[in-house]
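Hydrogens, waters and symmetry mates are skipped; everything else that's a heavy atom, side chains included, is used. Worth saying up front: this structure is predicted, and the values here are computed from it rather than measured.
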Amino acid sequence: MSAIGGLQTVEHSGMLKLYSALFYAGCSFLITVVNKTVLTSFRFPSYLFLGIGQMIVTLVVLYAAKIRKKVQFQDFDRSILFKIFPLPLLYVGNHITGLASTKKLSLPMFTVLRKFTILMTMILEVYLLKKSFPRRLVYSIVAIVFGAMVAASSDLAFELEGYTFILLNDAFTAASGVYTKKKLGTEGLGKHGVLFYNALFIIIPTLLASAFTGDLHKAVTFKDWGDATFVFCFLLSCSMGFVLMYSIVLCSYYNSALTTTVVGAIKNVAVAYIGIFVGGDYLFSWTNFLGLSICMSGGLVYSYFIFNQKTPVSYEGAQELKIRITGDSTQKEAII
């Protein structure tokens, strides 16, 4: 049985799907708070160094667990690079475009335009994983994207470079999620191998980039390394980075890349709602608020259908929407 086929035929219980999604949403929210404390409250100067710390924790924890035989994944050999490729490249692209778009766009617009990741993920799942989706799930995704467009229409400060970076970030995120789901079925890797080798191949170029740009020097000479509160928050962020990456892989394993993306989108909209009343940096407008509400409604409807269905996403008897996809040499028909 092929790796993809194995992923498509294994159907996990509804409780495992729900708990893994809630675990991911909770971890994502908590690391947002912790990272904001480190990078904003303490004004730590380096995103890259914080990311390196998270990768180091990932490698140490998983290697120690492998040594103690708590987890199993393939030992390193030349085949690993081909098995894990292109995940490291997608992760680097996701990280770079994410930071660039954060600098160019306001937080509300960054949150809104990230919703297009969902549509891209659904398209990639049809192409790469040969998945099919019932009509009602497609409508809920359309509602999320439509809500994002409504919310984005209130932004008059159009920034071409920022919009380009955020759309590239959406594409990298979608591809990373779908390929993560695909690699989970690769023999010898599994959940833990994907996490370990992805971090292993990324950490060296990230460290070199940090040193080359002077970012590493700024981090090492940061004035608050003697502050116990900062050190605790920094170490907590590094630990939460590993937990977040694990929760993403876990959610993708029990659900799908699309469901993981939608859960992240619901969490982001929830944070935006909270920002209306707490923080003071949200510029309220009825158009933006209406768009956020449509996004949240579509996300909740999607979640209801996914976590209450009794059969796999690709099932017979549901209303189906046929889309003809033209490839290079063959014509394929995807049912969504």
Does [Y] offer a backbone N or O that forms a donor-acceptor pair with the side chain of [X] under 3.5 Å?
| X | Y | result |
| --- | --- | --- |
| Lys131 | Met122 | no |
| Tyr179 | Phe85 | no |
| Ser210 | Leu207 | no |
| Asn198 | Val194 | no |
| Glu125 | Ala257 | yes |
| Ser41 | Val38 | no |
| Asn255 | Thr260 | no |
| Ser239 | Leu235 | yes |

Notebook entry, point to check: If you measure from the Lys or Arg side-chain nitrogens to the Asp or Glu carboxylate oxygens, is any gap between Lys66 and Asp75 under 4.0 Å?
Noted result: yes
So do [Y] and [X] actually touch side chain to side chain, heavy atoms under 4.5 Å?
| X | Y | result |
| --- | --- | --- |
| Met120 | Phe172 | no |
| Ile80 | Phe201 | yes |
| Val71 | Phe196 | no |
| Tyr246 | Leu250 | yes |
| Ile141 | Val262 | yes |
| Ile166 | Phe116 | no |
| Asp170 | Leu167 | yes |
| Tyr63 | Ile67 | yes |

Provide the closest heavy-atom pair for [X] versus [Y] in the form atom of the first, atom of the second, distance.
| X | Y | answer |
| --- | --- | --- |
| Ser176 | Leu87 | O-CD2, 3.7 Å |
| Ala209 | Thr213 | O-OG1, 2.9 Å |
| Ala143 | Gly298 | CB-CA, 4.1 Å |
| Ala174 | Leu124 | C-CD1, 3.8 Å |
| Lys182 | Leu129 | CB-CD2, 3.8 Å |
| Lys181 | Tyr253 | NZ-O, 3.2 Å |

Checklist line | Centroid-centroid distance, Phe44 to Phe230, less than 6.0 Å | finding: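 Yes: the rings meet the under 6.0 Å criterion.
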Inter-residue atom distance [X].[atom1] - [Y].[atom2], 0.5 Å rounding:
| X | Y | atom1 | atom2 | answer |
| --- | --- | --- | --- | --- |
| Asn35 | Gln54 | CG | CD | 6.0 Å |
| Ile248 | Cys27 | CD1 | SG | 9.0 Å |
| Lys223 | Arg43 | NZ | CZ | 8.5 Å |
| Leu18 | Ile306 | CG | CD1 | 12.0 Å |
| Thr259 | Phe305 | OG1 | CZ | 13.5 Å |
| Thr206 | Met55 | OG1 | CE | 4.0 Å |

Next item on the list: Would you indicate whether Leu22, at its atom CG, is surrounded by more than 12 heavy atoms from other residues, nucleotides or ligands within a distance under 6.0 Å?
Entry: yes
Note to self: Around atom NZ of Lys83, are there more than 12 heavy atoms from other residues, nucleotides or ligands closer than 6.0 Å?
What the structure shows: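 Count over threshold, so yes.
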Side-chain heavy atoms nearer than 4.5 Å, only ILVMFWY residues, links allowed to pass through others: does that put [X] and [Y] together?
| X | Y | result |
| --- | --- | --- |
| Leu168 | Val178 | no |
| Leu89 | Leu81 | no |
| Ile203 | Leu90 | yes |
| Leu128 | Phe82 | no |
| Val301 | Leu258 | yes |

Note to self: For Thr117 and Thr261, which I'm curious about, is there any donor-acceptor pair between the side chains at under 3.5 Å?
What the structure shows: no
Next item on the list: Run through Phe234, Phe42, Phe232 and flag the one making a ring pair (Phe, Tyr, Trp, His ring centres under 6.0 Å) with Trp225.
Entry: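 With Trp225 as partner, Phe234, Phe42, Phe232 yield a single ring pair (Phe, Tyr, Trp, His ring centres under 6.0 Å), made by Phe234.
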